[in-house]
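A short worksheet on the structure shown next.
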Amino acid sequence: MRILFLGDVVGRSGRSAVIERLPKLRIELNLDFVAVNCENATSGLGLSPAHAKAILAGGADCITLGDHAFDQRDMIEFVSREPRIVLPLNYAKKQPAPGARVFRTGGRKVLVAVALGRVFMNRPFDDPFELIGSILDQYRLGASVDASIVEIHAEATSEKAAIGIFCDGRASIVAGTHTHVPTSDARILEKGTAFISDVGMCGDYNSIIGMNAAEPLQRFVSGMPGKRMQPATGDPTMSGVFLETDNATGLARRISPFRVGGALENASV
């Protein structure tokens, strides 16, 4: 299978990049499945139902969310009836939608599971290792599913690397999100699972992790809060990873960083 995973969409510039470019990319790259993290897509804080619908209509097969899942309050009701949105497994004990879903595409099944890390995060989330392990035991790669995407939404690269090794041989890919900065460690692990610490963001990189630099800069300099931060609106980079899996085993055959447009050096498949 040919899969594209796109990192945290930030604000209007990130949304426009995905919505405008993804339909053409699906054809050019002959993609079977596209997953997009959208937890910062609406004003940099959460995702609105209207923006979710636009991104899904633009060619995403599923949307994943992270610790900002419900910064837009109307998403609580929306996710309960939209089966293409995946919440983190450990967001809350009584969350309105599951943290793992199986999608069908071209007669094949793709598992998408998301978990929040615990190191340096603001809330005491449940153990991601136990929850991910249980899901991968339930949906076995090469048996009940043809491919499996595990997203670890976390601050610490060490925790993400640990999740990667923990899932090695049981998932097609472990993809890190949350820091909005693409890392250069994309590789296939010893037992066949692709891994990258962070896929980066879809947004304006002439910014501070997607936000207009003025407000976060003054907070760093002064140590004082100020105005609400706003997403940067310059030329966006569309950032993520391309994955090719083995049709028999579901394990990775190839992982390639993917970056198009904007300020970063482009990396095309």
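What you see is a predicted model, and the numbers here were worked out from it, not measured in a lab.
At distances below 3.5 Å, at least one donor-acceptor pair connects side-chain atoms of R187 with backbone N or O atoms of D185. A donor-acceptor pair under 3.5 Å is absent between the side-chain atoms of E215 and the main chain of Q230, judged by distance alone. Between the side chain of D168 and the main chain of K191, a donor-acceptor pair closer than 3.5 Å is present. The main-chain N or O of K227 is found under 3.5 Å from a side-chain atom of R219 such that the two form a donor-acceptor pair. Distance alone, capped at 3.5 Å, is enough to place a donor-acceptor pair between the S16 side chain and the S13 backbone. Remark: side-chain polar atoms of S148 are paired, donor with acceptor, to backbone N or O of S172 under 3.5 angstrom. Remark: side-chain polar atoms of R253 are not paired, donor with acceptor, to backbone N or O of D246 under 3.5 angstrom. Looking at R123, its side chain does come within 3.5 Å of a backbone N or O of Y91 through a donor-acceptor pair. Checking side-chain atoms of T237 against main-chain N and O of G261 turns up a donor-acceptor pair under 3.5 Å. Formation of a donor-acceptor pair under 3.5 Å by the R12 side chain with backbone atoms of T233 is not found in this model.
Between the side chains of T179 and D198, at least one donor N or O sits under 3.5 Å from an acceptor N or O. For the 3.5 Å distance criterion, the side chains of Q72 and T42 fail to qualify, holding no donor opposite an acceptor. Side-chain contact check for T105 and D32: no donor-acceptor pair (N or O, by modelled atom type) lies under 3.5 Å. Side chain to side chain, S222 and Q218 meet the donor-acceptor criterion of an N or O pair below 3.5 Å.
Nearest heavy atom pair, residue S239 against residue G200, reads OG-CA, 3.8 Å. Of all heavy-atom pairs spanning V241 and P257, the tightest one is CG1-CA, 4.2 Å. Between R101 and A97, the shortest heavy-atom contact is NH2-CB, 3.6 Å. Here the closest heavy-atom approach between residue K109 and residue V102 is recorded as CB-CG1, 3.8 Å. When all heavy atoms of G14 and P236 are compared, the closest pair comes out as N-CB, 4.4 Å. Across F103 and C62, no two heavy atoms sit closer than the pair CZ-CB, 3.4 Å.
Few gaps surround CG on D137; more than 12 heavy atoms of other groups in view lie less than 6.0 Å from it. For E130, the CD atom counts as loosely surrounded, since its 6.0 Å shell holds 12 or fewer non-hydrogen atoms of other residues, nucleotides or ligands. Around atom CZ of R104, no more than 12 heavy atoms belonging to other residues, nucleotides or ligands sit under 6.0 Å away.
The NE2 atom of H68 lies 6.5 Å from the NE2 atom of H153; values are rounded to the nearest 0.5 Å. Between the CG atom in L45 and the CD atom in E39 there is a gap of 9.5 Å [rounded to 0.5 Å]. Taking CZ of F33 as the reference point, atom CD1 of I149 lies at 5.0 Å (rounded to 0.5 Å). Rounded to the nearest 0.5 Å, atoms CD1 (I209) and CE (M211) are 8.0 Å apart. In this structure, the separation between CE on M201 and CG on D204 is 6.5 Å, given to the nearest 0.5 Å. Going from atom OG1 of T157 over to atom CD1 of I196 covers 12.0 Å, rounded to the nearest 0.5 Å.
The aromatic rings of F129 and F166 sit perpendicular to each other, their planes meeting at more than 60°, with 30° as the lower class boundary.
Cluster membership check: I173 shares its hydrophobic cluster with M1, using side-chain heavy-atom separations under 4.5 Å among Ile, Leu, Val, Met, Phe, Trp and Tyr. The hydrophobic clustering, which links ILVMFWY residues whose side-chain heavy atoms are closer than 4.5 Å, places L264 and F258 apart. A continuous path of hydrophobic side-chain contacts links V150 to F195 [ILVMFWY only; heavy atoms under 4.5 Å]. Hydrophobic cluster membership is shared by L116 and L87, with clusters built from Ile, Leu, Val, Met, Phe, Trp and Tyr side chains linked at under 4.5 angstrom. Cluster membership for V110 and V199, using ILVMFWY side-chain heavy atoms within less than 4.5 angstrom, is shared.
Evaluated for a side chain to side chain contact (heavy atoms under 4.5 Å, CB included) with V119, the options E155, E159, K160 yield exactly one hit, E159. When each of V9, L47, N37, V86 is checked for a side chain to side chain contact (heavy atoms under 4.5 Å, CB included) with I63, only L47 meets the rule.
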Please step through side chain to side chain contact (heavy atoms under 4.5 Å, CB included) for the pair L65 and F70, ending with a clear verdict. CA-CA 9 Å; L65 297 174; F70 299 118; 5.5 Å; no
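Between T193 and I188, every side-chain heavy-atom pair lies at or beyond the 4.5 Å cut-off. In this structure, L56 and E82 have side chains that are in contact, with non-hydrogen atoms separated by less than 4.5 Å. Residues P49 and M75 form a side-chain contact, since some pair of their non-hydrogen atoms from C-beta on lies under 4.5 Å apart.
Remark: D61 engages R26 in a salt bridge (Lys or Arg N to Asp or Glu O under 4.0 Å) (not counting sequence neighbours).
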